[in-house]
There are 2 protein chains.
Amino acid sequence: MSDATLWTALADPHRRAIVALLLERPRPVGEIVEACGLSQPSTSKHLRVLRDAGLVRVRQDAQRRVYALDPAPIAALDTWLTPYRKLWNESLDALGRRLDRTAGEPSDPPEDPTPKD
Amino acid sequence: MSDATLWTALADPHRRAIVALLLERPRPVGEIVEACGLSQPSTSKHLRVLRDAGLVRVRQDAQRRVYALDPAPIAALDTWLTPYRKLWNESLDALGRRLDRTAGEPSDPPEDPTPKD
DNA sequence: TGGTTATATTCTCGTCAAGGCATATGTGCC
DNA sequence: GGCACATATGCCTTGACGAGAATATAACCA
């Protein structure tokens with residue numbers, strides 16, 4: 001429910017992997033267990049966390065429980081992201097302008113925006 | 001600076017608060033300490049995590065250290081989000097179409113959006 | 001009804017992160 | 001050099017989280 005739940009749910013790599021699996025298509029628990037290589041109880045617990053965060057829904061199909069992604073909370077994440085995205089675009093913009101300006105000039109490179117891994 | 005670092009950095013509410021503070025403007029540590037009500041060492045440790053995740057940069061200003069947001073990793077988050085956002089838009093779309101269709105019509109039998117395997 | 005399959009929950013243990021306190025490092029000032 | 005200020009780091013305790021094993025629950029089948 002709370003924001004915290006969403007973030008902590010997605011903080012775990014296994015859970016992000018599960019979410020990515022469910023992005024392709026809904027899957028029963030057994031398939032998820034097999035795909036992510038965890039024990040069944042562990043997987044079930046991770047699914048519980050995701051469920052509590054509202055990230056997945058369950059549909060019962062005989063003895064199986066088919067989990068599907070619910071993109072709504074992810075939209076909340078997107079909303080959270082918005083102001084930062086704006087800042088990011090601005091800085092890209094500024095970088096572009098600077099590159100433009102210094103296209104033929106010798107210096108002004110004190111900032112290296114080394115992005116990620 | 002793996003993906004994991006970024007997620008775990010943002011998983012903590014205090015750190016998200018700090019990031020939000022820095023979204024407004026760069027700030028020295030003292031100001032952050034005061035704003036988020038944590039002890040100075042705790043704040044400093046959170047800042048370290050954010051720094052390791054590449055989310056903030058430091059500029060030294062005499063004895064002060066002014067922290068500023070670096071939006072680049074957040075852009076990575078945005079990239080991660082993309083396929084989910086797509087899914088979200090699709091489901092909004094489908095909902096819209098359904099509402100359109102059933103706006104005045106009698107029915108359009110059980111179209112349950114839960115797909116199956 | 002009993003058995004089998006699929007999934008969830010409980011318990012326990014090890015690990016890890018957060019916060020507080022004390023202290024180290026670094027910078028400016030006299 | 002010595003002192004004051006701003007910030008970082010180390011140590012320690014506590015609490016949360018993840019993994020595994022055993023067990024409980026639920027649905028199907030004979």
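Order of the sequence lines sets the chain letters (A, B, ...), proteins ahead of strands, with each chain counted from 1. Scope of the values below: all heavy atoms of this structure, side chains included, with no hydrogens, waters or symmetry mates. These numbers were taken from a predicted model, which means no experiment stands behind them.
- Within a heavy-atom distance below 4.0 Å of DNA chain C, the residues of residues 29-46 of chain B found are B:Ser39, B:Pro41, B:Ser42, B:Lys45, B:His46.
- For the pair B:Arg59 CZ and D:dT7 C1', the interatomic distance rounds to 15 Å; values are reported in whole Å.
- The distance between atom CD of A:Gln63 and atom P of D:dC29, rounded to the nearest whole Å, is 7 Å.
- Rounded to a whole Å, the CG atom of B:Leu10 is 16 Å from the C1' atom of C:dA17.
- Mapped onto DNA chain D by nearest heavy atom, B:Leu47 and A:Ala62 fall at different nucleotides, with B:Leu47 at the one closer to the 5' end.
- One interatomic measurement links the two molecules: CZ of A:Arg15 to C1' of D:dA16, which rounds to 12 Å at whole-angstrom precision.
- Listed pair B:Tyr67 / D:dA6 fails the phosphate criterion, with no side-chain N or O lying under 4.0 Å from OP1 or OP2.
- Among residues two or more places apart in sequence or in another chain, the side-chain hydrogen bond (donor to acceptor under 3.5 Å, both in side chains) test is passed with A:Asp12 by none.
- Taking the six-membered ring for Trp and thresholds of 30 and 60 degrees, B:Trp7 and A:Trp7 have ring planes inclined between 30 and 60 degrees apart.
- Across the protein-nucleic acid pair, B:Trp7 atom CH2 and D:dC17 atom P stand 17 Å apart, rounded to whole Å.
- A:Arg48 has a side-chain polar atom (N or O) that falls below the 4.0 Å cut-off from OP1 or OP2 of C:dT9.
- Distance alone, capped at 3.5 Å, places no donor-acceptor pair between the A:Ser44 side chain and the A:Gln40 backbone.
- Under the 3.5 Å distance criterion, the side-chain polar atoms of B:Arg15 are matched with a main-chain donor or acceptor of B:Thr8.
- Remark: of the listed residues B:Leu6, B:Leu23, B:Leu55, B:Leu55 is the sole one forming a side-chain contact (heavy atoms from CB on, under 4.5 Å) with B:Ile74.
- The distance between atom CG of A:Leu50 and atom P of C:dA8, rounded to the nearest whole Å, is 12 Å.
- Between the side chain of B:Arg27 and the main chain of B:Leu21, a donor-acceptor pair closer than 3.5 Å is present.
- With rounding to the nearest 0.5 Å, the separation of CG in A:Leu47 from CG in A:Leu22 is 7.5 Å.
- Within the structure, every side-chain polar atom (N or O) of A:Arg65 is placed at least 4.0 Å from both OP1 and OP2 of D:dA27.
- In this structure, A:Asp61 atom CG and D:dA26 atom P are separated by 18 Å, rounded to whole Å.
- For the pair B:Asp12 CG and C:dA17 C1', the computed distance is 9 Å after rounding to whole Å.
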